[in-house]
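As the structure lists them, so they are numbered: ligands from 1, and atoms in each ligand from 1.
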Amino acid sequence: MSAKDEVNITRGMQNYIDTNAEYLAKRQEYIEKTVKNWKFDTIAVHGLYSVTDALEDYQGAIIEPIFMSSSQAYRDSDEMAAALAYKIPTWCYSRIANPSTYYYEWTLALLEGYGFEGTTSCCSTSSGMAAIMTAVQPFLQVQNSVTEERNFVATAQCYGGTFQQFSVRLMQERGIECRWVKDATNLDEWAEKIDNNTRFLYGELPSNPQLGFFDIEKVADLAHSHNLPLICDSTVATPALLRPICHGADIVVQSVTKSLASSGFGICGAVIARKNLVTNIDDEQLKEDFSLSVKYLQNRDFGPNLHPVQAIMALNDMRTIRSKMDLMSRNTEKVAAYLDTHPKVESVDYLGLKNHPHHELASRYMWLVDAEHDDFYRKPVNRYGHLMSFCVKGGATATRKVFDNLERIWRATDLGRIKSVATIPAISTHQQQGEEGRSLAGIPANMIRLCVGGEHPDDIIADLEQALKRSG
Ligand SMILES: *Cc1c(COP(=O)(O)O)cnc(C)c1O
């Protein structure tokens with residue numbers, strides 16, 4: 001990565017560049033020859049933080065350091081000049097980079113790129129919404145004239161915050177047209193919305209909360225045939241169950257806040273991109289390494305950076321993401337099967353249920369990573385995550401009653417927790433977008449979104465049982 005304006009390299013700067021080149025070559029070798037041969041769990045546990053790193057730089061600490069420091073000091077002006085021109089690895093100022101967020105970024109880049117033949121990199125962000133902004137912004141830049149028309153195509157079934165960012169911030173405030181795809185499984189609908197002014201395709205899958213899905217490979221092929229990138233929000237699946245870049249997507253955004261950091265200590269996000277992505281934007285640096293380009297240039301200037309404490313808290317949660325997604329998916333399957341036969345429940349939406357319209361499509365894409373290397377499973381195993389929703393008979397009033405009766409399950413606008421959490425999307429996450437937006441996204445007033453955690457599923461079923469029983 002280099003800063004946009006070329007700088008004069010002095011001899012002193014060159015010495016620093018040479019010394020660091022050696023370090024960078026060693027690190028590259030460690031990634032290629034060691035880390036990339038590990039299974040998913042080992043990468044999740046260790047990431048790029050090695051015994052050598054610990055002993056050489058961090059007094060042997062077995063846990064990645066939390067660097068609560070605004071900035072980095074330099075030995076002399078040559079080192080400073082080389083660092084600020086991005087000629088040597090540096091973190092200079094915590095808005096731009098930080099050693100704690102560095103380890104967080106590498107773990108996510110490696111997990112999301114697990115099984116991918118090419119290379120991935122990651123830019124940490126302060127939230128999932130900041131990740132989405134970070135990912136879409138570069139494609140919306142003016143290419144020729146400030147009056148040129150710009151549009152993008154996105155799945156209408158998406159997180160409420162995404163709907164707001166696209167429809168209010170981009171469309172209403174900046175005149176950039178968002179063309180919503182109502183049925184994401186219909187490739188023709190995607191295709192007919194693309195024209196010469198389209199900048200990217202965007203899809204959330206499985207979507208929150210409607211569990212919308214689409215054929216990633218086909219949509220990626222369509223995007224690439226128009227020289228456009230496909231951006232996927234893969235928050236609900238996590239890399240333990242689905243890695244869109246392996247199926248042709250160019251960029252993945254994660255609200256790491258959710259299942260990846262299931263303890264629920266706070267908010268964090270990430271953009272993970274493949275190197276050499278497809279775009280009609282004329283910017284070689286962006287194409288070559290999207291994540292580092294947005295990290296060192298765009299986000300340096302906008303400032304949506306992640307706090308180092310939050311980075312390490314999240315990293316600590318990610319170490320066990322595979323076994324947690326397995327456990328919570330199995331628990332959800334059991335709870336969904338129970339609700340599916342309950343007389344007071346109108347319908348249940350869970351990708352793991354055979355009667356779900358996207359069950360077959362999701363079964364092609366959602367696999368518990370490394371199940372075939374797991375002594376317990378020994379073969380590929382489908383897992384569908386821990387997000388589900390159900391509609392209560394009797395409309396909005398009956399629904400609120402059942403919801404209010406919950407005792408163990410927390411009422412909160414949250415998901416991805418190790419604790420079971422429920423919300424009514426129409427009055428919470430999807431409240432801002434009004435009746436019309438909700439109907440476009442398919443959010444009825446009697447829908448309860450439930451995210452089953454790591455409790456014993458029988459205890460969650462018992463809570464639902466008493467809540468439904470007491471609702472009259
Ligand atoms: C929560 C969520 C977001 C936004 O993430 P924050 O970390 O809350 O900013 C984006 N996409 C999906 C699918 C989400 O569930």
Side-chain angles (χ1 to χ4, degrees), residues 101 104 108 112 122-137 154-170 178 184 202-214 216 231-242 244 249 251-272 299 302-307 310-311 313-314 317-318 325 328 349 351 362 366 384-389 412-417 421-425 428-433 441-443 447 449-453:
T101 57
Y104 167 101
L108 281 162
E112 206 64 70
C122 169
C123 169
S124 57
T125 59
S126 55
S127 67
M129 293 318 302
I132 296 168
M133 186 199 73
T134 297
V136 306
Q137 231 28 272
T155 52
Q157 293 198 326
C158 65
Y159 177 65
T162 309
F163 187 89
Q164 287 296 110
Q165 186 177 119
F166 289 175
S167 62
V168 179
R169 304 302 151 212
L170 294 181
C178 174
Y202 183 98
E204 184 176 314
L205 87 168
S207 74
N208 164 16
Q210 321 88 333
L211 300 167
F213 214 90
F214 58 88
I216 309 172
I231 305 172
C232 290
D233 182 337
S234 186
T235 297
V236 170
T238 81
L241 304 184
L242 172 66
I251 300 172
V252 166
V253 291
Q254 283 287 353
S255 168
V256 179
T257 312
K258 310 292 168 50
S259 312
L260 277 164
S262 61
S263 299
F265 282 114
I267 305 295
C268 39
V271 174
I272 302 100
N299 284 12
F302 282 142
N305 57 293
L306 179 62
H307 194 279
Q310 194 61 54
M313 297 293 259
D317 260 331
M318 284 185 236
M325 287 310 283
M328 297 192 292
D349 249 3
L351 290 172
M366 296 186 72
Y384 302 93
H386 60 141
L387 178 65
M388 59 166 290
S389 66
T413 57
D414 205 352
L415 65 92
R417 295 290 147 253
V421 189
T423 189
I424 298 177
S428 57
T429 50
H430 290 68
Q431 172 265 329
Q432 304 146 327
Q433 66 201 64
I443 308 283
M447 175 194 269
R449 183 185 80 187
L450 173 63
C451 207
V452 181

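For Thr238, there are no side chain to side chain donor-acceptor pair (under 3.5 Å) partners at least two apart in sequence or on another chain.
In this structure, CG on Leu415 lies 7.5 Å from OG on Ser255, to the nearest 0.5 angstrom. The distance from atom CE of Met388 to atom CZ of Arg449, rounded to the nearest 0.5 Å, is 12.0 Å. Atoms CE and NE2, on Met325 and His386 in that order, are 4.5 Å from each other to the nearest 0.5 Å.
Donor-acceptor pairing under 3.5 Å is recorded for the side chains of Thr423 and Ser428. Thr125 and Asn299 share no side-chain donor-acceptor pair at under 3.5 Å.
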As a test of reading the model: which N/O atoms of the protein lie under 3.5 Å from N/O atoms of ligand 1, and at what distance?
unit_1   : atom_1 : unit_2 : atom_2 : d
ligand 1 : 5 (O)  : Ser255 : OG     : 2.9
ligand 1 : 7 (O)  : Gly128 : N      : 2.8
ligand 1 : 7 (O)  : Ser255 : OG     : 2.8
ligand 1 : 7 (O)  : Thr257 : OG1    : 2.6
ligand 1 : 9 (O)  : Gly128 : N      : 3.0
ligand 1 : 9 (O)  : Met129 : N      : 2.9
ligand 1 : 11 (N) : Asp233 : OD2    : 2.7
ligand 1 : 15 (O) : Asn208 : ND2    : 2.9
ligand 1 : 15 (O) : Lys258 : NZ     : 2.8

